[in-house]
Colleague: 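Let me give you the structure first, and then I'll get to my questions.
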Amino acid sequence: MASPQLEDGYTAFANDLFDALIKIGLSRNQRQVFDFIARKTFGWRKKTDKISISQFLDATGIRKPHICRAIKELKQMNLIIVTKNGNSITE
């Protein structure tokens with residue numbers, strides 16, 4: 001990441017959502033998982049996506065039990081909607 005440029009791509013993020021995230025004070029794992037979901041959805045101009053646990057593992061470096069806990073907590077906070085489909089999660 002020597003010189004990031006908007007021309008190389010960017011993730012559009014609603015200001016209201018960003019402001020709410022600042023106030024909530026998510027844990028490090030919750031924030032990394034949420035940011036990855038945002039990147040996989042908003043970053044590709046999608047409202048939902050099928051995201052496997054292995055994708056979370058590769059992208060965040062967080063161990064599986066901590067990813068699963070963060071997903072559960074984000075769901076309880078109504079920040080994400082989870083639909084289980086085999087081994088993937090639709091956000």
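When a residue number appears, it is its place in the shown sequence, counting from 1.
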Colleague: Distance-only criterion, 3.5 Å: show the donor-acceptor pairs between side-chain atoms of residues 63-72 and protein atoms not counting sequence neighbours.
Modeller:
unit_1	atom_1	unit_2	atom_2	d
H66	ND1	R69	NH1	3.2

Colleague: Any heavy-atom pair between the side chains of K40 and K46 that's under 4.5 Å?
Modeller: no
Colleague: Quick one: pull up CG in L26 and CG in L74 and give me the separation to the nearest 0.5 Å.
Modeller: 6.0 Å
Colleague: Could you tell me the separation between the OG1 atom of T60 and the CZ atom of R28, rounded to the nearest 0.5 Å?
Modeller: 9.0 Å
Colleague: Does S27 have any side-chain hydrogen bond (donor to acceptor under 3.5 Å, both in side chains) partners at least two apart in sequence or in another chain, and if so, which?
Modeller: Q30
Colleague: Looking at residues at least two apart in the chain, or sitting in another chain, which of them share a side chain to side chain contact (heavy atoms under 4.5 Å, CB included) with S54?
Modeller: S52
Colleague: As an exercise, state the distance from CG of L21 to CE of M77, rounded to the nearest 0.5 Å.
Modeller: 9.0 Å
Colleague: Establish whether F34 and W44 are linked, either directly or via other cluster members, by ILVMFWY side-chain heavy-atom contacts under 4.5 Å.
Modeller: no
Colleague: From I37 CD1 over to I81 CD1, what is the distance, rounded to the nearest 0.5 angstrom?
Modeller: 11.0 Å
Colleague: Using ring-ring contact (aromatic ring centres under 6.0 Å, His included) as the criterion, list what pairs up with F36, not counting sequence neighbours.
Modeller: F56
Colleague: Look up atom NZ in K75 and atom CD1 in I80, then write down how far apart they are to the nearest 0.5 Å.
Modeller: 8.5 Å
Colleague: Can you list everything that forms a side-chain hydrogen bond (donor to acceptor under 3.5 Å, both in side chains) with K23? Sequence neighbours excluded, please.
Modeller: none
Colleague: Please list, chain by chain and in numerical order, all residues satisfying side-chain hydrogen bond (donor to acceptor under 3.5 Å, both in side chains) with D35, sequence neighbours excluded.
Modeller: R31
Colleague: I need the I24 CD1 to L79 CG distance, nearest 0.5 Å.
Modeller: 4.5 Å
Colleague: Please name all residues satisfying side chain to side chain contact (heavy atoms under 4.5 Å, CB included) with E7, sequence neighbours left out, ordered by chain then number.
Modeller: Q5
Colleague: How far apart are the closest heavy atoms of A38 and F13, and which atoms are they?
Modeller: CB-CE1, 3.6 Å
